[in-house]
Number of protein chains: 2
Amino acid sequence: MQNKVGIAPVSGENLLFLTDDQLRRGIEAMFFAYRAFTADPDLILADMDYGRAHHRALHFIHRDPGLTVTALLDVLGVTKQSLNRVLRTLIEDGLVESRVGHRDRRERQLFLTEKGAALERRLSETQRARMRSAYRAAGPQAVAGFRQVLEAMMDRDTLRQFKALKDLPDPS
Amino acid sequence: MQNKVGIAPVSGENLLFLTDDQLRRGIEAMFFAYRAFTADPDLILADMDYGRAHHRALHFIHRDPGLTVTALLDVLGVTKQSLNRVLRTLIEDGLVESRVGHRDRRERQLFLTEKGAALERRLSETQRARMRSAYRAAGPQAVAGFRQVLEAMMDRDTLRQFKALKDLPDPS
DNA sequence: ATTGGAAAGTCAACAAGTCTGACGTAATAA
DNA sequence: TTATTACGTCAGACTTGTTGACTTTCCAAT
């Protein structure tokens, strides 16, 4: 199990980045960075009886208006019961609108109201600001590497989902 | 708020990576990657009535044997009541040992038992395997960028904590 | 040596967010 | 007509987090 110099050292290549120590540092970096990454929205959400789940729903409804409940379920990877509770409060509070599907009337299509869009913007702005500052500090090459590693960490299905996300309809 | 080409474009530099779209892609990549990142340990933990909190405690006790409860509290960023519940079950189940501090006898110093170390290894092996495969797929330069961006995302205090983590006493 | 305060542990209550399982309704598909 | 799908809901459970209040232990400063 011990592996100071990486597995299967190849010719003269530098594999120091594959030592268990380096891998552990990466794991810890993910833990700390993710905590920071969610900290700003969490602060805002706490003030209004919402949680991360609400943020995630708002995010994906924003990025793909009119998506169905099932589609949202898929991308979030939670049960419908769990999502439903979140969705119900968002609809009750007038942040999300649920319309009967025009193609298939069993489906519900989800949209942000103006109020919902405003909160989404407010939440994502803090997160984008952090990301922007991190990206700027690290530079384009580092950003490319960052994205490469993150994608390589995803499961096949998750990666497929991630790549299938459409481009945003409106820039913001 | 709209920002298609990045803020403060500097001379001929390529700032495409700072568009709001790119930032959003980064945010989503973090979300999906983190989910994948925790998926493997979560599966193991679910089988034994433990959760992520137990994993995190085991991880940091492993990496710094003999650390005090307060130190662990600090690095985890939770309340002592929350940690205490987790710690109590780990101690009851014989995975963690709590010894009275030798310097300050109010403190409790935490150690993994052999059983605890075994579980920690099992959990972290899955995570390291994923990380290793991602690192290998992306290459050393990408890994450097990954780490740079993650560190740039942390708050000042978190970054300080992260950098203050000692090197592992035993390699594994 | 006494006292003040810090460190740790404990108890209780609560909330968010997740899960499973079961059931009902409406609409589509076979 | 029947089976299946999409959605919503109710009930019950668990983990993880929170606050608040209280006790015990022990160090350190007066």
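Reckoned from all heavy atoms, side chains included, excluding hydrogens, waters and symmetry mates. Just so we're clear, the structure is a prediction, and the values are computed from it rather than from any experiment. In the text below, chain A, chain B and the rest are named by the order of the sequence lines, each starting its count at 1.
The aromatic rings of A:H59 and A:H55 lie perpendicular to each other, with more than 60° between the two planes, well past the 30° mark.
Because its NZ or CZ atom is not both nearer than 6.0 Å to the ring centre of A:Y135 and within 45° of the ring axis, A:R128 does not count as a cation-pi partner of that residue. Cation-pi geometry between B:R25 and A:F162 is met: under 6.0 angstrom from the ring centre, within 45 degrees of the axis.
Residues meeting the ring pair (Phe, Tyr, Trp, His ring centres under 6.0 Å) test with A:F31, sequence neighbours left out: B:F60.
Spacing between atom CG of B:N84 and atom P of D:dG20 amounts to 18 Å, rounded to whole angstrom units. Counting to the nearest Å, the C1' atom of D:dG8 and the CZ atom of A:R108 are 8 Å from each other. When the C1' atom of C:dA7 is taken as reference, atom NZ of B:K80 falls 7 Å away, rounded to whole Å. In this structure, the CG atom of A:L72 is 14 Å from the C1' atom of D:dA6, given to the nearest Å. In this structure, A:L83 atom CG and C:dC19 atom P are separated by 10 Å, rounded to whole Å.
Within residues 35-57 of chain B, no residue has any heavy atom under 4.0 Å from DNA chain C. Scanning residues 98-107 of chain A for heavy-atom distances under 4.0 Å to DNA chain C yields A:D104, A:R105, A:R106.
A:R130 has its side chain out of reach of A:Q127: every pair of non-hydrogen atoms, C-beta onward, lies at least 4.5 Å apart.
Where B:L73 and B:R85 each meet DNA chain C at their nearest nucleotide, the meeting point lying more 5' is that of B:L73.
Side-chain N/O atoms of A:T79 include one lying less than 4.0 angstrom from OP1 or OP2 on C:dC19.
One finds no salt bridge joining A:R35 and B:D155 here, because no Lys/Arg side-chain nitrogen approaches an Asp/Glu carboxylate oxygen to under 4.0 Å. With respect to the salt-bridge test (charged N to carboxylate O, under 4.0 angstrom), the residues A:E114 and A:R121 qualify.
Within 3.5 Å, no donor on the side chain of A:Q81 pairs with an acceptor on the base of D:dG8, nor the reverse.
Here the NZ atom belonging to A:K163 is positioned 9.0 Å from the CE atom belonging to A:M154, to the nearest 0.5 angstrom.
Taking a 6.0 Å sphere around CG of A:D49, one finds it holds 12 or fewer heavy atoms contributed by other residues, nucleotides or ligands.
Nucleic acid contact class of A:R88 (heavy atoms, under 4.0 Å, all strands): sugar-phosphate only.
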